[in-house]
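Contents: one structure, followed by commentary.
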Amino acid sequence: QVQLVESGGGLVQAGGSLSLSCAASGRTFSSSVIGWFRQAPGKEREFVAVISRSGSNWYHANSVKGRFTISRDNAKNTVYLQMNSLKPEDTAVYYCAAKGSYSSIYNPNEYAYWGPGTQVTVSS
């Protein structure tokens with residue numbers, strides 16, 4: 001099992017930056033693919049980014065490509081999401097999630113473990 005906790009959310013002005021962290025506990029973290037998702041009020045949960053077990057493969061949604069960067073440090077059991085050039089439409093609760101394989105990475109239903117989420121609010 002993997003337990004996940006997000007941190008680093010907050011209120012920022014448009015154009016600003018935030019760095020989210022996803023801290024994991026459990027023996028299977030380094031064998032887990034980790035994804036970031038977000039959910040705005042009244043909207044479905046949306047894929048943001050994903051990173052492979054070793055960190056050698058990653059993918060970002062088109063809506064955040066060039067602005068967000070996912071990375072991981074397996075020695076620290078942590079995955080990061082660096083968010084730059086934030087826009088009001090990035091406002092959402094951000095979740096990290098874990099799954100076993102680097103397949104069906106866009107589908108939140110394929111992820112077995114989820115953190116409680118952290119709120120990101122971008123003001124215009």
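Quick note: residue numbers are just sequence positions, from 1. Just so it is clear, the structure is predicted and the values come from calculations on it, not from any experiment.
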Between atom NZ of Lys99 and atom CG of Asn107, what is the distance when rounded to the nearest 0.5 Å?
8.5 Å
Any luck finding a side-chain donor-acceptor pair between Asn84 and Ser17 under 3.5 Å?
yes
For the residue pair Arg45 and Trp114, establish whether any side-chain heavy-atom pair is separated by less than 4.5 Å.
yes
Lys87 side-chain N/O to Thr91 backbone N/O, donor-acceptor pair under 3.5 Å
no
For the residue pair Gly26 and Asn77, what are the closest heavy atoms and their distance?
O-ND2, 4.2 Å
Quick one: do the Gln3 and Ser25 side chains pair a donor with an acceptor below 3.5 Å?
yes
Rounded to the nearest 0.5 Å, the OG atom of Ser32 sits from the OH atom of Tyr102 at a distance of 14.5 Å
Mind checking whether Tyr95 and Pro116 have side chains closer than 4.5 Å, heavy atoms only?
no
Grab the two heavy atoms, one from Ser85 and one from Arg67, that are nearest each other, plus how far apart they are.
O-NH1, 3.0 Å
Here the pair of heavy atoms bringing Ser21 nearest to Tyr80 is OG-CD2, 3.5 Å
Any sub-3.5 Å donor-acceptor pair from Thr118's side-chain atoms to Gly9's backbone N or O?
yes
Go through the steps to decide whether Thr28 and Gln1 satisfy the test side-chain contact (heavy atoms from CB on, under 4.5 Å), and finish with yes or no.
CA-CA 6 Å; Thr28 58; Gln1 271 195 337; 5.7 Å; no
Residue pair Arg38 / Asp90, side-chain heavy-atom distance below 4.5 Å
yes
Return the minimal non-hydrogen interatomic distance between Gly8 and Leu18, and the atom names on each side.
O-CD2, 3.8 Å
Would you say Glu6 and Leu20 make side-chain contact, with heavy atoms under 4.5 Å?
no
Please report the shortest heavy-atom distance between Ile105 and Tyr59, naming the atom on each side.
CD1-CB, 4.5 Å
Note, Leu81 side chain near Val79 side chain (heavy atom, < 4.5 Å):
no
Applying side-chain contact (heavy atoms from CB on, under 4.5 Å), run through Tyr94 and Met83 and close with a yes or a no.
CA-CA 11 Å; Tyr94 282 71; Met83 306 188 297; 3.9 Å; yes
Enter the distance from Glu110:CD to Ser103:OG here, rounded to the nearest 0.5 Å.
7.0 Å
Sort out for me which residue in Val50, Val64, Val48, Ile51 forms a side chain to side chain contact (heavy atoms under 4.5 Å, CB included) with Trp36.
Val48
Heavy-atom side-chain proximity of Ile34 to Phe29 below 4.5 angstrom
yes
Is there a donor-acceptor contact under 3.5 Å from the side chain of His60 to the main chain of Ile70?
yes
Counting heavy atoms not belonging to Lys76, are there more than 12 under 6.0 Å from its NZ?
no
Smallest heavy-atom separation, Gln119 atom then Ala92 atom, equals NE2-O, 3.4 Å
Could you tell me whether Arg72 sits above the aromatic face of Trp58, with NZ or CZ closer than 6.0 angstrom to the six-membered ring centre and within 45 degrees of the axis?
no
Does any part of the side chain of Glu46, heavy atoms only, come nearer than 4.5 Å to the side chain of Pro108, both counted from C-beta?
no
Given side-chain contact (heavy atoms from CB on, under 4.5 Å), test Arg53 with Val33 step by step and report yes or no.
CA-CA 5 Å; Arg53 300 183 189 96; Val33 172; 4.2 Å; yes
